[in-house]
Amino acid sequence: MNYPKIGIRPVIDGRWGGIREGLEGQTMGMANAAKALIEENITYADGTPVQCVVSPCTIGGGAEAARCAEYFSGQNVCATLSVTPCWCYGSETMDLDPLTIKAVWGFNGTERPGAVYLAAAMAAHAQRGLPAFSIYGRDVQDMDDRSIPGDVAEKILRFARCAVTVGQMRNKAYVGLGAVAMGIAGSYCDAEFFQKYLGIRAEWVDMTEILRRIHLGIYDHKEYEKALAWTKANCKEGVDNNAHPSTREQKEKEWEFVVKMTLVCRDIMLGNEKLNEIGKHEEALGRNAILGGFQGQRMWTDWLPNGDFTEAILNSSFDWNGKRQPITLATENDGLNGTAMLFGKLLTGTACVFADVRTYWSPEAVKRVTDKNPTGMAANGFMHLINSGAAALDGTGACKNEQGKGVMKKWWDITDEDIRAMTEATDWCPANLGYFRGGGFSSHFKTQAEMPITLIRVNIIDGLGPVLQLAEGYTVVLPDEIHNKLDIRTDPTWPTTWFVPRLTGKGAFRDVYSVMANWGANHGAFAYGHIGKDLITLASMLRIPVSLHNVPDEDIYRPHSWSAFGTKDLEDADYRACATYGPLYK
């Protein structure tokens with residue numbers, strides 16, 4: 001696989017005859033130190049370490065800059081990090097490729113003016129319309145100090161983590177299985193958004209293709225038998241609340257159908273070499289998808305089993321073959337929420353959970369309904385995140401870390417015990433036949449651990465374009481006497497997470513109600529951990545403004561030229577900078 005790479009550019013004072021010669025070792029040493037830092041700490045979505053390539057020469061002028069660019073052109077370099085300990089000729093040494101994400105690290109030492117070069121380079125990038133991230137240590141270092149200070153390392157790693165996220169999306173596809181679900185805005189696939197902002201090709205597959213493959217047996221039959229046996233052994237059925245339940249025979253047919261559908265949807269997105277063995281070479285190719293969406297409601301679910309099992313299993317960090325990278329598949333074909341899920345997965349390596357942002361429960365409403373007062377983190381009210389039957393099983397919080405605390409793990413760290421815990425914490429309730437007349441099975445669990453999470457959403461606004469919203473906070477575990485009474489008011493067969501955003505006391509985060517009131521759509525996706533800082537940096541690379549967040553100003557890291565649009569109101573500056581530069585792939 002030709003992974004997207006970070007290109008390291010060692011930039012140097014071009015004056016031979018007494019200056020450049022003495023700087024070669026230190027300059028190349030900075031490049032190799034940055035390479036080691038990134039490769040030891042950042043991974044791709046498949047769990048392998050991120051790859052960096054270093055220029056074959058130091059760069060003192062335009063000829064060497066061109067030699068470096070030519071070398072990088074065959075390496076799938078998606079971002080460049082220029083490093084220097086000294087003064088260099090800024091516009092002669094800078095990276096001029098409009099498609100690479102750029103950063104410059106200028107060594108903070110008094111013997112040589114690396115910081116002066118950094119400032120000159122930032123001015124040149126701003127003047128040329130090529131945004132770049134500035135990396136400059138707070139404290140002066142001695143010239144022979146080869147360490148990377150903590151604040152510098154943090155910026156390098158955040159830049160690299162977000163840049164390879166951009167690179168991993170480029171030239172992939174969004175596959176919409178079906179069309180628009182129930183008029184949901186995010187379900188209207190905006191091909192221009194995917195192409196211009198993410199570098200992703202939009203593709204459409206009619207849902208009859210799923211039926212064709214099932215009816216004609218276009219799937220790996222051996223794997224199907226394995227998947228069905230695993231499902232019967234590990235996916236226990238939950239309560240059937242239907243007034244007129246389906247027969248046992250009908251339910252068995254539905255299980256067989258949804259397992260086949262899961263294989264088929266995966267194969268449509270990713271391809272499957274096994275299909276070559278049955279002469280289905282076109283189907284074996286797949287569609288190069290990095291994410292997809294499943295329409296389901298209503299034209300499918302009015303007469304066929306719903307997609308809840310398929311969506312829940314594909315989005316989880318495991319299946320019948322063991323642990324594997326989550327396959328992002330959006331409920332109700334909401335590709336914008338799928339994009340939020342994709343951002344979270346690529347940044348964290350963990351599964352992301354699709355949810356309705358369903359209800360705000362005030363303390364007063366909780367008291368009225370349950371005769372109990374919420375306490376702890378839930379004392380000021382909370383939000384009900386609940387999908388209509390499909391959610392990644394990682395959202396159970398059943399995985400345990402070394403301290404025995406419930407977490408969501410990077411998929412490559414999942415153990416067999418974690419898989420057992422997640423499947424045991426989930427039951428599969430026969431679908432509510434009022435919503436889903438064709439049957440199926442809904443993943444049902446409640447998040448059973450208090451965990452740090454970030455709720456994410458992408459929206460498209462007419463006249464403005466895409467915007468990103470995020471809310472860092474925590475899952476909370478309610479006492480059963482509260483949970484049971486509140487959960488049953490929606491649908492007790494669906495997966496539930498109770499969420500409390502971290503409040504700041506001002507703006508949209510002055511209270512929990514205000515977060516709910518300012519959320520831009522009916523859906524959101526949550527990722528494990530507080531990753532708002534990374535999401536803001538990523539959004540700036542893609543030129544997507546952030547309309548709602550609770551990240552402290554001091555933690556916001558965007559390209560240096562954003563400060564030219566204002567330093568007092570960072571949100572306003574972000575909007576104007578994104579509008580000025582336009583989408584990354586315009």
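- Applying the 6.0 Å contact sphere to NZ of K236 captures more than 12 heavy atoms from other residues, nucleotides or ligands.
- Checked against the 6.0 Å centroid threshold, W204 and Y174 do not count as a close aromatic pair.
- Side-chain contact of W412 with Q325: a donor-acceptor pair under 3.5 Å is absent, judged by distance alone.
- Ring pair W255/F309: centre-to-centre distance below 6.0 Å.
- Annotation: cation-pi geometry not satisfied between K260 and Y219 (NZ/CZ under 6.0 angstrom from ring centroid, within 45° of ring axis).
- For Y3 and Y44, the gap between ring centers is short of 6.0 Å.
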### Task
Go through S442 and D308 one step at a time and tell me if the side chain to side chain donor-acceptor pair (under 3.5 Å) criterion holds.
CA-CA 5 Å; S442 299; D308 291 358; 2.8 Å; yes
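- For CZ of R201, the number of neighbouring non-hydrogen atoms (other residues, nucleotides, ligands) closer than 6.0 Å is 12 at most.
- Side-chain polar atoms of N432 and N241 form no donor-acceptor pair below 3.5 angstrom.
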### Task
Step by step, work out the side chain to side chain contact (heavy atoms under 4.5 Å, CB included) result for N288 and L270.
CA-CA 6 Å; N288 194 39; L270 306 182; over 6 Å; no
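- Neither side chain, Q297 nor N306, offers a donor N or O lying under 3.5 Å from an acceptor on the other.
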### Task
Could you walk me through whether T310 and L329 pass the side chain to side chain contact (heavy atoms under 4.5 Å, CB included) test, one step at a time?
CA-CA 9 Å; T310 296; L329 184 65; 4.0 Å; yes
### Task
List the steps, then state whether side chain to side chain contact (heavy atoms under 4.5 Å, CB included) holds for D418 with K409.
CA-CA 9 Å; D418 292 325; K409 292 183 178 180; 2.8 Å; yes
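- For the residue pair H549/E472, the side-chain donor-acceptor check at 3.5 Å is not satisfied.
- Proximity of the aromatic rings of H384 and W498 is defined here by a centroid distance below 6.0 angstrom, and this criterion is met.
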### Task
Show your reasoning for whether side chain to side chain contact (heavy atoms under 4.5 Å, CB included) applies to W519 and R457.
CA-CA 8 Å; W519 200 250; R457 174 69 195 184; 3.3 Å; yes
